[in-house]
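In what follows, a single structure is set out as structure tokens and then discussed.
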Amino acid sequence: MRIAIMASEGAPYIKSGGLGDVMEALPSALARIDGNEVVLLLPYYKKIKDNPAYATEQVCHFDVTLGWRQQYAGLMRLKNRQDGVTVYFIDNDYYFGARPGPIYGDFDDGERFAFFSRACLEALGYLAFIPDVIQCNDWQTALVPVFLKAWYYDRFSQTRTMFTIHNVEYQGWAHGGFFDDVLALPWEYRGCLDMHGQVNVMKGAIEAAHMVTTVSETYARELMYPYYAHGLDSILANAAWKLRGITNGIDVGTFNPETDPHIPAHYNADSFVTGKAACKAALQQEVGLNVEADTPLLVMVTRLAGHKGLDLLCYIARKLLWEENCQILILGTGEPQFESFFRELAAEFPGRVSAQITFNLGLAARIYAGGDIYMMPSRSEPCGLSQMNAMRYGTVPVVHATGGLRDTVPPADENGQNGLGFTFQSYNGDDFLASMKRCLHLYHYNRDGFRDLQYRDMCQDFSWNIPALRYMELFHQMLQR
């Protein structure tokens with residue numbers, strides 16, 4: 001099958017969040033399936049253009065029409081990728097190649113990514129690559145299904161489009177005049193993109209794409225409710241017939257306790273008891289905690305943002321420390337009120353609390369390996385990767401049962417059986433505290449049951465192999481239609 005994937009970021013070339021991780025792993029997993037030919041198209045940002053590690057060559061160049069504008073686009077091919085994915089970059093200095101700083105947040109982001117979306121379709125024509133399926137991601141490429149229907153249907157009449165929502169909060173809003181000034185689409189597409197008198201490009205993709213997916217099965221259902229959908233609930237409910245959820249995988253090559261170069265002792269599911277003990281002792285010493293083998297270490301690696309459930313942890317932290325024998329370790333940066341809270345908590349409980357207010361990938365790996373219990377009380381979580389990373393290292397998750405957390409962490413009973421972690425249903429601090437205490441009770445009074453739970457966690461397959469097959473199943477369904 002010929003598959004074209006379009007996104008605004010993709011690791012290792014450029015990354016700002018989870019989308020970048022997915023765009024590194026998913027194309028590679030699809031390319032490993034026999035018979036697939038996969039191309040990935042990304043903007044040629046300055047950070048990529050200036051990086052000597054990425055050798056490129058120009059394939060062609062062409063003009064892209066955007067309203068009254070005629071803009072140059074160069075098509076650059078990456079020469080040094082070895083996994084079967086052909087990577088192309090769309091080159092334009094005005095929109096991407098000469099702009100330093102973050103990849104999002106410019107005043108003309110709507111115009112930049114409208115250009116990129118149309119340039120991707122033009123590029124496929126110049127390559128004579130007619131894909132069976134185009135998979136596009138988030139609002140930055142949401143115009144691809146709309147442009148294809150409006151202007152490229154003759155060229156791509158057999159091509160099906162899948163639009164994947166990674167973060168519904170960012171929808172690509174623009175003022176009403178954007179439709180005529182920048183997009184200049186035929187008038188019949190106005191209703192597709194119009195929302196409250198403004199342009200919403202994510203709405204356009206939901207209506208125009210042949211299939212809409214998101215990053216977990218539970219989140220696909222949640223998106224039809226106002227609490228989660230940020231105003232798109234009715235649009236997504238009307239598209240329920242073509243809305244599916246596919247839970248993301250993780251990079252099991254990078255997150256591997258048998259080979260991870262960042263951890264002091266390597267281990268697997270059969271040797272984790274001694275391996276994790278060595279990692280825990282080294283971690284406690286590194287971050288200034290008391291080196292106590294039998295004190296459960298509660299850990300969290302996160303952006304310090306409200307929707308990550310930090311308000312719940314702030315509410316219960318002192319109760320946990322007063323009522324339970326435990327330690328708490330937090331790694332991350334973010335909102336000032338949370339940074340201040342955890343710094344003050346560490347000062348109040350020296351040797352029992354450590355606040356690492358920094359971004360450190362190596363330390364994150366050591367925390368996954370050395371922790372006993374991983375806390376993830378997110379208010380909402382489309383998929384979540386940290387809980388899977390933690391389980392990969394044998395650290396038991398305690399999570400709010402929402403989105404991908406519900407899908408990847410089925411609840412265990414009081415003996416640690418029949419599940420992979422501990423969960424709470426209602427988003428409130430008392431329920432979170434109760435779940436933490438159930439997990440701590442298992443740790444203190446049934447260590448064999450706790451270790452059985454760790455073993456099951458480590459035996460799970462969180463690779464991209466299963467999600468890639470699920471994507472292929474949906475691709476075939478679209479083509480059969």
Side-chain angles (χ1 to χ4, degrees), residues 6-9 16-19 22 104-105 109-111 113-114 116-117 134-150 160-179 182-183 185 188-248 305-308 378-384 400 402-407 427 474 478:
M6 301 166 185
S8 58
E9 61 182 82
S16 71
L19 173 60
V22 174
Y104 308 127
D109 273 2
E111 182 180 324
F113 291 107
F116 174 68
S117 296
I134 293 174
Q135 192 259 346
C136 46
N137 299 273
D138 271 351
W139 78 263
Q140 293 90 349
T141 53
L143 285 165
V144 170
V146 181
F147 285 160
L148 189 150
K149 288 185 73 172
R160 300 293 179 262
T161 54
M162 172 185 285
F163 177 64
T164 300
I165 300 171
H166 301 262
N167 191 339
V168 76
E169 185 174 354
Y170 301 100
Q171 300 172 6
W173 286 92
H175 59 83
F178 186 82
F179 183 89
V182 176
L183 304 182
L185 283 159
E188 58 265 29
Y189 288 88
R190 183 110 200 185
C192 171
L193 292 160
D194 180 80
M195 194 167 182
H196 311 309
Q198 300 182 71
V199 169
N200 183 313
V201 297
M202 185 174 283
K203 173 181 178 285
I206 293 166
E207 295 195 0
H210 294 93
M211 185 165 285
V212 180
T213 63
T214 190
V215 291
S216 71
E217 294 180 19
T218 294
Y219 192 59
R221 295 190 294 271
E222 289 174 343
L223 282 178
M224 290 182 274
Y225 294 92
Y227 181 81
Y228 296 97
H230 292 272
L232 285 176
D233 47 292
S234 61
I235 306 300
L236 286 158
N238 287 336
W241 61 275
K242 61 178 179 179
L243 176 61
R244 302 288 186 274
I246 303 174
T247 303
N248 286 338
H307 75 273
K308 292 294 184 180
S378 304
R379 184 182 298 121
S380 65
E381 196 69 61
C383 177
H400 178 213
T402 185
L405 301 179
R406 179 189 290 271
D407 294 337
Y427 186 78
L474 295 184
M478 287 193 293

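These figures come from a predicted structure and were not determined experimentally.
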Full working for side-chain contact (heavy atoms from CB on, under 4.5 Å) between L183 and F147: CA-CA 9 Å; L183 304 182; F147 285 160; 4.0 Å; yes

Once rounded to the nearest 0.5 Å, what's the spacing between atom [atom1] of [X] and atom [atom2] of [Y]?
X    : Y    : atom1 : atom2 : value
S234 : Y225 : OG    : OH    : 14.0 Å
R406 : T247 : CZ    : OG1   : 12.5 Å
E207 : N238 : CD    : CG    : 8.0 Å
L474 : I246 : CG    : CD1   : 4.5 Å
R379 : K308 : CZ    : NZ    : 11.5 Å
I165 : N137 : CD1   : CG    : 10.5 Å

E222 and S380: side chain donor to acceptor below 3.5 Å: no

Pair T402-E381, side-chain donor/acceptor within less than 3.5 Å: no

Contact summary for A205 and A142, nearest pair of heavy atoms: CB-O, 3.2 Å

Heavy-atom closest pair, residues A229 and L223: CB-O, 3.1 Å

Do [X] side-chain atoms and [Y] backbone N/O form a donor-acceptor pair below 3.5 Å?
X    : Y    : answer
S117 : Q140 : yes
D109 : G105 : yes
H210 : T161 : yes
S216 : P382 : yes
D138 : N167 : yes
E9   : G17  : yes
H175 : G177 : yes
K203 : D194 : yes
K242 : A209 : yes

From CA spacing to verdict: side-chain contact (heavy atoms from CB on, under 4.5 Å), T218, L405: CA-CA 9 Å; T218 294; L405 301 179; over 6 Å; no

Hey, are the side chains of [X] and [Y] touching, using non-hydrogen atoms and a 4.5 Å cut-off?
X    : Y    : result
I134 : M162 : no
L232 : M195 : yes
N200 : Q171 : yes
L236 : I206 : yes
Q198 : F178 : no

Full working for side-chain contact (heavy atoms from CB on, under 4.5 Å) between V146 and L185: CA-CA 9 Å; V146 181; L185 283 159; 3.8 Å; yes

Parallel, tilted or perpendicular: ring planes of W139 versus F113, cut at 30 and 60 degrees: perpendicular

Y228 and Y219 aromatic ring geometry - parallel, tilted or perpendicular at 30°/60° bounds: perpendicular

Derivation of the side-chain hydrogen bond (donor to acceptor under 3.5 Å, both in side chains) call for S378 and H400: CA-CA 6 Å; S378 304; H400 178 213; over 6 Å; no

R244 and E217: CA distance, side-chain angles, deciding distance, salt bridge (charged side-chain N to carboxylate O under 4.0 Å, His left out) verdict: CA-CA 7 Å; R244 302 288 186 274; E217 294 180 19; over 6 Å; no

Chi angles and distances behind the side-chain contact (heavy atoms from CB on, under 4.5 Å) call for T213, F163: CA-CA 6 Å; T213 63; F163 177 64; over 6 Å; no

Greater than 12 external heavy atoms within 6.0 Å of Y170's OH: no

